[in-house]
Amino acid sequence: MNRVILSGEIGSDIVLKKTAAGQSLCNFSIEVKEKGKNGQEFKSFFDCTAWGENAEHINQYGFRGQHIAVDGKLQKSSYTNKDNQKVYKTSVYVMDVELALNNATMPQTQAYQQQASQQTYQQSCQPQQQMQQPQTVPFTNQVNYQSYPNNDDLGEGMPF
């Protein structure tokens, strides 16, 4: 069985890309903090990749430092770097995701910023409207396994 569950903070800026076929792909890292025997805190960073609706959801509602939980599997890959050396990488292939959102963190999300700018424009036309901050994120967290590419599509032939 190949399964990984991580809970931590988004440790890098979220990068959303589109494949040649138009499918969304999102790369980011998760910072997981653990305490050792002597009480020292250790940090580990894990590279993650999400596809399809999960990628768009993370890109729209996620930001660096936000708490996130992912359920996925380990995926090995390799590529040739600028020095013509083969580099091997293990990352988490995200199958399910949950983002922690609250009123304090919501203004940092891309979705809230888009809503705020849209409502600011509407307020200039109709001053009686008040902007309301969203309280929840509309996302089902249901994985559509058909939307994920086959392992053959994750090989060295990817253009990014």
Side-chain angles (χ1 to χ4, degrees), residues 2-34 41-120 133-134 136-160:
N2 181 0
R3 185 165 185 194
V4 176
I5 299 173
L6 295 172
S7 177
E9 295 178 356
I10 298 175
S12 65
D13 290 332
I14 298 164
V15 179
L16 182 71
K17 301 175 184 175
K18 296 275 187 178
T19 64
Q23 190 166 24
S24 299
L25 165 70
C26 179
N27 292 311
F28 61 98
S29 69
I30 295 179
E31 174 186 345
V32 177
K33 297 176 185 172
E34 299 179 70
E41 185 174 88
F42 296 97
K43 295 179 184 178
S44 299
F45 289 85
F46 299 92
D47 292 328
C48 299
T49 302
W51 290 86
E53 290 178 7
N54 282 338
E56 292 171 12
H57 176 72
I58 293 167
N59 182 62
Q60 186 174 12
Y61 296 104
F63 55 89
R64 179 183 267 184
Q66 178 182 25
H67 188 81
I68 187 171
V70 297
D71 183 354
K73 64 181 183 176
L74 290 178
Q75 183 76 42
K76 288 185 166 190
S77 62
S78 64
Y79 63 93
T80 304
N81 66 12
K82 294 177 186 175
D83 299 328
N84 208 22
Q85 296 173 332
K86 192 113 174 167
V87 177
Y88 296 93
K89 179 180 175 181
T90 301
S91 60
V92 177
Y93 188 76
V94 177
M95 303 295 246
D96 195 12
V97 61
E98 288 192 26
L99 293 167
L101 294 177
N102 59 36
N103 289 340
T105 60
M106 187 62 81
Q108 297 178 43
T109 66
Q110 182 185 45
Y112 180 77
Q113 290 169 359
Q114 289 173 351
Q115 178 190 12
S117 64
Q118 188 177 44
Q119 288 186 355
T120 301
Q133 188 175 25
T136 60
V137 177
F139 191 69
T140 63
N141 286 337
Q142 293 178 355
V143 178
N144 178 0
Y145 292 99
Q146 284 76 30
S147 70
Y148 287 90
N150 294 331
N151 286 340
D152 298 339
D153 295 340
L154 295 175
E156 298 172 341
M158 295 193 86
F160 38 81

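Keep in mind it's a predicted model, so treat the numbers as computed, not measured.
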Measure from the side-chain N and O atoms of [X] to the backbone N and O of [Y], and report whether any donor-acceptor pair falls under 3.5 Å.
{"X": "Ser29", "Y": "Phe45", "result": "no"}
{"X": "Asn2", "Y": "Leu74", "result": "yes"}
{"X": "Glu9", "Y": "Arg64", "result": "no"}

Nearest heavy-atom neighbours spanning [X] and [Y]:
{"X": "Ile14", "Y": "Phe28", "result": "CG1-CB, 4.2 Å"}
{"X": "Cys26", "Y": "Ile58", "result": "SG-CG2, 3.9 Å"}
{"X": "Trp51", "Y": "Thr19", "result": "CZ3-CG2, 3.6 Å"}
{"X": "Gln75", "Y": "Tyr93", "result": "CB-CB, 4.1 Å"}
{"X": "Val70", "Y": "Ile30", "result": "CG2-CD1, 3.5 Å"}

Results of side chain to side chain contact (heavy atoms under 4.5 Å, CB included) for [X] - residues two or more places apart only:
{"X": "Asn81", "answer": "Tyr79, Asp83, Gln85, Val87"}
{"X": "Phe42", "answer": "Gln40"}
{"X": "Ser24", "answer": "Leu16, Lys18, Ala55, Glu56"}

Would you mind telling me which of Asp71, Thr49, Leu6 makes a side-chain contact (heavy atoms from CB on, under 4.5 Å) with Val92? Leu6
Taking only residues two or more places apart in sequence, or in another chain, which ones meet Ser91 in a side-chain hydrogen bond (donor to acceptor under 3.5 Å, both in side chains)? none
With sequence neighbours left out, the residues meeting side-chain hydrogen bond (donor to acceptor under 3.5 Å, both in side chains) with Ser44 are none
With heavy-atom distances below 4.5 Å as the criterion, would you say the side chains of [X] and [Y] are in contact?
{"X": "Asp47", "Y": "Lys89", "result": "yes"}
{"X": "Glu98", "Y": "Ser7", "result": "no"}
{"X": "Ile10", "Y": "Leu99", "result": "yes"}
{"X": "Lys33", "Y": "Lys43", "result": "yes"}

Here the gap from Asp13 atom CG to Asn59 atom CG, rounded to the nearest 0.5 Å, amounts to 11.0 Å
